[in-house]
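Comments concern the structure below.
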Amino acid sequence: MIGPRILPANNESIQEAAADLERGSLVVFPTETVYGLGGGTLDESSLASIYRLKGRQSDNPLIAHVLDIEGARSLTTGWDDRCTLLAEAWWPGPLTLVLGRSGVVPDLASGGRPTLAVRSPQHPVARALLEAYGKPISAPSANRSGEVSPTCAQHVLDDYSADPAADGMIILDGDRCHVGIESTVLDMTVDPPRILRPGALTAEVLQNLIGSVEYTELHHTSASPGTMESHYSPQTNCLLVDVEEMRHRLSNMTERCVVLVSNPDHHEMVQPPHTLLAMPSDPDGYAQDLYDALRKADSEQADLILIESNGEEDPNWIAIRDRLMRAASDRPV
Ligand code: AMP
Ligand code: MG
């Protein structure tokens, strides 16, 4: 077994990856959000392989990646002027639109739903792969289901190196993802459109373009984190805490903590035996580093990962807070 293969993304490796897709093999490729585990959207057996390799539940839908509006329209129904406005403003980019699923697209592409999520990625390697393959590519984040998303090629290798089902799989290396968290998912099949997953683009930005957009933050259920779907979760127990709770936990020397701290004034609170992971204090920088930090924190094999909460009132932190709350929610047993 040679395991998955990281290849620097260039013309040759992209052509090889496109040929693999054509044969029904899966390919990992970079996007500006996170790395994706790709298979042909119109190829049922590739779609089944995605679910199998990730360990993803078969009713959890996939996002279809396309080059442009025309590509999206060929897979969906119900595309309207608001979709055009959104796509003209934000595609290629971290915005996913949920529309009706056209009859040409297999059920499995959207976990059996009558809808389909479509996005045009910005990363030049993702675009070159779409061009070389010449057809849409369905791709969830290239992590094991429920675990932390990958933002560099090495993360993907770490997750799949021991899996015989990933033997020989190409991982196209396109450096670190510059957004670092997943796209905003906007359901265009309801009125007003509804944000199903917060991401790099805020509700305000979308509202400015198309008027009313609905979004309910997870916030309200955070009091009972066990009721939230666990996702983006490290193996180590993980808690999202305010500064007072952080101080209290750190004074308990029987537990060794790894602590993600974004406020530089609070760095000095973290002293041995605890370990500090200093995070950027701006939301863009924080998002970019987030999954790498969670993976690093996990590899410390501490008793506990503590994450300082931040940006309470600021819409630019909503997507990050969503990921942190899910990372800190209990894993299903
Ligand atoms: P991932 O590709 O792993 O980032 O996950 C894609 C996510 O997008 C899913 O887990 C859903 O939350 C959302 N999504 C994708 N397709 C649909 C759809 N047809 N309807 C509703 N949500 C969707
Ligand atoms: Mg995912």
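In listed order, ligands and their atoms are each counted from 1.
Summary of contacts: the protein heavy atom closest to atom 2 (O) of ligand 1 is P140 CA, 3.1 Å. Protein heavy atom at the shortest distance from atom 21 (C) of ligand 1 is L196 CD1, 3.4 Å. Of all protein heavy atoms, the one closest to atom 14 (N) of ligand 1 is P61 CG, 3.8 Å. The closest protein non-hydrogen atom to atom 5 (O) of ligand 1 is R56 NH2, 3.2 Å.
In this structure a side-chain-to-backbone donor-acceptor pair under 3.5 Å is present from S13 to P8. Side-chain N or O atoms of E308 include none that pairs as donor or acceptor with a backbone N or O of L260 at under 3.5 Å. In this structure a side-chain-to-backbone donor-acceptor pair under 3.5 Å is missing from D173 to I171.
Close contacts between ligand 1 and R197 involve ligand atoms 1 (P), 4 (O), 5 (O), 6 (C), 7 (C) [criterion: under 4.0 Å to a heavy atom]. Listed by number with element, the atoms of ligand 1 under 4.0 angstrom from any heavy atom of S141 are 1 (P), 2 (O), 3 (O). For ligand 1, the atoms lying closer than 4.0 Å to a non-hydrogen atom of A117 are 15 (C), 16 (N), 17 (C), 19 (N). Counting the atoms of ligand 1 from 1 in the order shown, those under 4.0 Å from a heavy atom of N60 are 9 (C), 10 (O). Short contacts between ligand 1 and T115, defined as distances under 4.0 Å to a heavy atom of the residue, involve ligand atoms 18 (C), 19 (N), 20 (N).
By heavy-atom distance, the residue among D187, V185, L99 lying nearest atom 8 (O) of ligand 1 is V185.
An N or O contact shorter than 3.5 Å is missing between K54 and ligand 1 by distance. When only interatomic distances are considered, the shortest N/O to N/O separation between S110 and ligand 1 does not fall below 3.5 Å. Between E182 and ligand 1, not a single N/O pair is under 3.5 Å apart.
In this structure, L62 counts as a contact residue of ligand 1, since one of its heavy atoms falls inside 4.0 Å of the ligand. Under a 4.0 angstrom heavy-atom cut-off, R101 registers as lying outside contact with ligand 1.
Between D107 and R101 a salt bridge is recorded (basic side-chain N to carboxylate O distance below 4.0 Å). Using a cut-off of 4.0 Å between Lys/Arg side-chain N and Asp/Glu carboxylate O, E147 and K54 are scored as not salt-bridged.
A donor-acceptor contact closer than 3.5 angstrom is absent between the side chains of N208 and E204. A donor-acceptor contact closer than 3.5 angstrom is absent between the side chains of T96 and R197.
The distance from the Mg ion (ligand 2) to the nearest N/O/S atom of S141 is under 2.8 Å.
Note: the hydrophobic cluster containing L172 does not contain L157 (ILVMFWY, side chain heavy atoms under 4.5 Å, direct or indirect links).
Screening R127, H178, R119, E182 for a side chain to side chain donor-acceptor pair (under 3.5 Å) involving T31 leaves a single residue, R119.
Looking at every heavy atom in both residues, P121 comes nearest to V66 through CD-O, 3.4 Å.
With a 4.0 Å heavy-atom cut-off, ligand 1 is reached by no atom of Q57.
Remark: atom 12 (O) of ligand 1 lies closer than 4.0 Å to no protein heavy atom.
Ring-plane geometry between H65 and F29 is classed as perpendicular, the angle between the planes exceeding 60 degrees on a 0 to 90 degree scale with a lower cut at 30.
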